[in-house]
Protein chains: 2
Amino acid sequence: MIEIDEMLSIRAAELYYEENKTQDEIGSILRLTRWKVGRLLAQAKANGFIRIEIVHPRARRLGMERRLVEATRLTDAIVVSTAGIQGDDELQARTAQAAADYLAGLRPVPRTLGISWGRTLHEVSLHLRAGWASGVNVVQINGGVSLNRRAGTAANTAVTIAEKASGTATLLPSPAILERLETKQAIAADRAVAAVLEMAAGASAYLFSAGQADENSALVDSGYLTAGQIADLVDKGAVGDVVGRYIDATGRIVDPELDQRTIGIDHDQLRKATRAIAVIAGPNKHAIARAVVTSGLCTTLVTDEDTARALLGPGE
Amino acid sequence: MIEIDEMLSIRAAELYYEENKTQDEIGSILRLTRWKVGRLLAQAKANGFIRIEIVHPRARRLGMERRLVEATRLTDAIVVSTAGIQGDDELQARTAQAAADYLAGLRPVPRTLGISWGRTLHEVSLHLRAGWASGVNVVQINGGVSLNRRAGTAANTAVTIAEKASGTATLLPSPAILERLETKQAIAADRAVAAVLEMAAGASAYLFSAGQADENSALVDSGYLTAGQIADLVDKGAVGDVVGRYIDATGRIVDPELDQRTIGIDHDQLRKATRAIAVIAGPNKHAIARAVVTSGLCTTLVTDEDTARALLGPGE
DNA sequence: AACGGCGTTGCTCATATGAGCAAGACGACC
DNA sequence: GGTCGTCTTGCTCATATGAGCAACGCCGTT
């Protein structure tokens with residue numbers, strides 16, 4: 001009976017969803033009562049034979065968002081749909097757009113917004129609508145491109161976000177990682193730097209991304225780390241970095257010595273924040289996303305469907 | 001307005017299709033009347049943002065079948081869904097299953113069924129349900145594997161189909177293509193062969209597949225043609241073969257001399273048949289499928305969604 | 001053969017939804 | 001400013017659909 005009904009339920013589903021027939025009409029075609037047809041359709045749905053997708057760049061997966069919030073200690077999750085997606089760029093764009101939308105919808109509007117830098121954050125800045133807020137002070141939370149390199153994307157990201165909110169940008173005038181601990185301590189103690197770090201520590205919300213631990217990292221491109229150093233970090237269990245600090249799958253700093261030489265707010269400060277928004281998407285960021293979420297580094301995660309599925313574990 | 005409404009319609013669709021909320025509930029969430037919500041959903045559908053797929057090996061695309069019948073001179077079309085398909089094998093299996101189902105459902109049940117041979121037809125024979133009919137005489141319509149080669153798939157296909165219908169199989173004891181015209185004429189005139197050809201010509205239905213014109217053809221494997229010969233045929237415009245005879249995109253025999261040396265019923269006989277069922281599926285068979293359909297070689301086409309889409313032309 | 005459990009069937013009724021329409025809003029043009 | 005035409009809105013009403021229930025049939029057990 002199960003076999004026969006399965007075929008029937010497929011025939012019914014074809015007529016119902018493709019041909020837009022009423023259950024009654026289907027009944028007379030298949031020589032069934034309309035109630036039987038209704039039950040067959042319910043069965044087809046329950047068996048997962050009916051797949052409904054919303055194909056749109058702004059489409060989200062509310063069910064997954066809810067399940068993520070339930071299954072983790074996130075207070076909020078934004079999951080963009082991957083339906084009908086073409087390349088990796090499109091995934092990035094969709095995620096960045098969703099992050100921008102979320103940021104623009106934040107209430108209360110953050111007075112001070114701490115941000116990291118990188119490809120993802122930059123993209124978010126581009127997707128923000130001008131006038132998304134009025135008067136937000138955007139402050140960098142980790143060191144990066146040197147001051148004299150004009151129009152570095154890091155600075156650009158902060159400035160763009162601030163401009164679009166008719167606010168001000170406060171840049172962190174410091175490298176990301178120093179070679180000697182003493183230099184780092186000296187820089188961090190410098191008035192100009194210390195003031196920014198203090199402001200960063202007091203931000204009312206944070207927005208940051210995370211990098212996968214591999215040789216394509218922005219930290220390697222910028223010359224702060226070598227591919228060899230990354231390999232060492234991976235050996236020690238590193239899955240990726242958040243604001244320039246590498247963590248393992250449990251969220252622990254993998255190399256405390258290196259961490260000491262890194263400029264910017266530390267992970268404990270992020271963990272204490274009321275609003276820490278992580279934007280992490282893409283097939284190679286599943287591990288770091290999991291580390292960030294499980295170790296409580298963010299309160300909000302903006303991600304894609306596939307990553308969310310990986311976080312929720314199998315069977316989802 | 002269009003912009004705003006588009007976003008709203010996506011939000012509404014998420015709540016409706018993913019969260020199973022009623023339009024009324026969605027209305028109070030989005031601060032809209034339930035009629036507005038209904039209109040937004042209709043709009044989302046009309047814009048193609050809602051994609052509903054039936055994910056099942058036996059699922060068909062009734063809409064495409066209808067459009068195919070309207071757009072061509074087919075009397076019947078069976079289009080299997082490619083939703084959720086994994087490999088090429090699965091596509092073959094689905095199509096073969098659909099062909100088997102169609103054959104089993106044919107009314108009136110054919111007294112004599114003419115069949116070709118090949119991978120596709122063999123697969124169809126395997127998917128047929130034992131007892132699909134009672135007492136069908138299955139007759140081969142084109143030459144193939146020699147008699148003395150035991151358990152050739154060609155013979156096997158015919159026998160399996162016949163057995164499952166408690167009928168008899170009549171094999172065509174002849175090669176597919178002869179090297180010399182005289183030999184072909186002699187064989188065709190032979191009592192044993194002529195009798196089978198006559199029976200084939202009088203079949204009440206035909207079931208056959210088609211091959212793409214390339215070096216992987218079964219005719220090359222069997223040694224009837226060389227890769228070089230195929231290349232020549234392609235140069236002359238060949239897109240594929242039906243019952244061993246190569247045609248161009250308009251359905252014309254590309255090499256009459258070769259055709260003369262080919263054993264089996266010819267295309268004119270197929271075109272005169274009341275029931276000629278072609279089973280042609282797969283990404284590389286679009287061209288030959290089009291040639292078969294437009295030149296009226298079959299009355300029924302069993303194919304896959306992608307091939308059907310190619311037949312219907314762009315915008316579909 | 002009688003009984004009782006279990007799944008299936010066909011129903012009633014409440015609800016959700018779509019069609020169609022009148023009123024209103026808006027903009028263009030006189 | 002008035003007026004017309006068009007698009008949008010909120011409605012009424014008919015229809016489609018799902019929930020829940022009683023009757024039924026099918027089996028296995030007593």
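We use all heavy atoms of the structure for the numbers below, so side chains are in, but hydrogens, waters and symmetry mates are not. Remember, predicted model here, so these are calculated numbers, not experimental data.
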Review point. Among residues 16-29 of chain A, which residues get a heavy atom nearer than 4.0 Å to DNA chain C?
Key: none

Practice item. Let me know the distance between CG of A:Asp5 and P of C:dG7, rounded to the nearest Å. Key: 15 Å

Revision key, fill the gap. side-chain hydrogen bond (donor to acceptor under 3.5 Å, both in side chains) filter on A:Ser166, not counting sequence neighbours, yields none

Revision key, fill the gap. Between B:Arg39 and A:Leu41, the residue closer to the 5' end of DNA chain D by nearest nucleotide is B:Arg39

Study note, to complete from the structure: Whole-Å distance, A:Arg34 CZ to C:dC13 C1', equals 11 Å

Review point. Donor-acceptor pair under 3.5 Å: do we get one between A:Trp35's side chain and the base of D:dT17?
Key: no

**Study point:** Listed partners of B:Thr33 passing side-chain hydrogen bond (donor to acceptor under 3.5 Å, both in side chains), at least two apart
**Key:** none

At a cut-off of 3.5 Å, list every protein nitrogen or oxygen paired with a nitrogen or oxygen from nucleotides 22-26 of chain C, distance to 0.1 Å.
none

Practice item. Sequence neighbours left out, what passes side-chain hydrogen bond (donor to acceptor under 3.5 Å, both in side chains) with B:Arg11? Give chain and number order. Key: B:Glu14

**Study point:** Pairs involving residues 21-34 of chain A, ordered by first then second residue, that meet salt bridge (charged side-chain N to carboxylate O under 4.0 Å, His left out) (sequence neighbours left out)
**Key:** none

Check your understanding: Do B:Asp306 and B:Lys285 sit within salt-bridge range, that is, some charged N less than 4.0 Å from a carboxylate O?
Key -> no

Review point. By side-chain hydrogen bond (donor to acceptor under 3.5 Å, both in side chains), which residues pair with B:Asp76, not counting sequence neighbours?
Key: B:Tyr102

Exercise for review: Round to the nearest Å and state the distance from B:Gln43 atom CD to C:dT17 atom C1'.
Suggested key: 17 Å

Review point. Got a sec, which residues hit side chain to side chain contact (heavy atoms under 4.5 Å, CB included) with A:Glu123, two or more places apart in sequence or on another chain?
Key: A:Ala93, A:Ala96, A:Arg119, A:His127

Exercise for review: Could you pull out all residues at least two apart from A:Tyr17 that satisfy ring-ring contact (aromatic ring centres under 6.0 Å, His included)?
Suggested key: none

Check your understanding: Taking NZ from A:Lys36 and P from C:dG7, how many angstroms apart are they, rounded to a whole number?
Key -> 14 Å

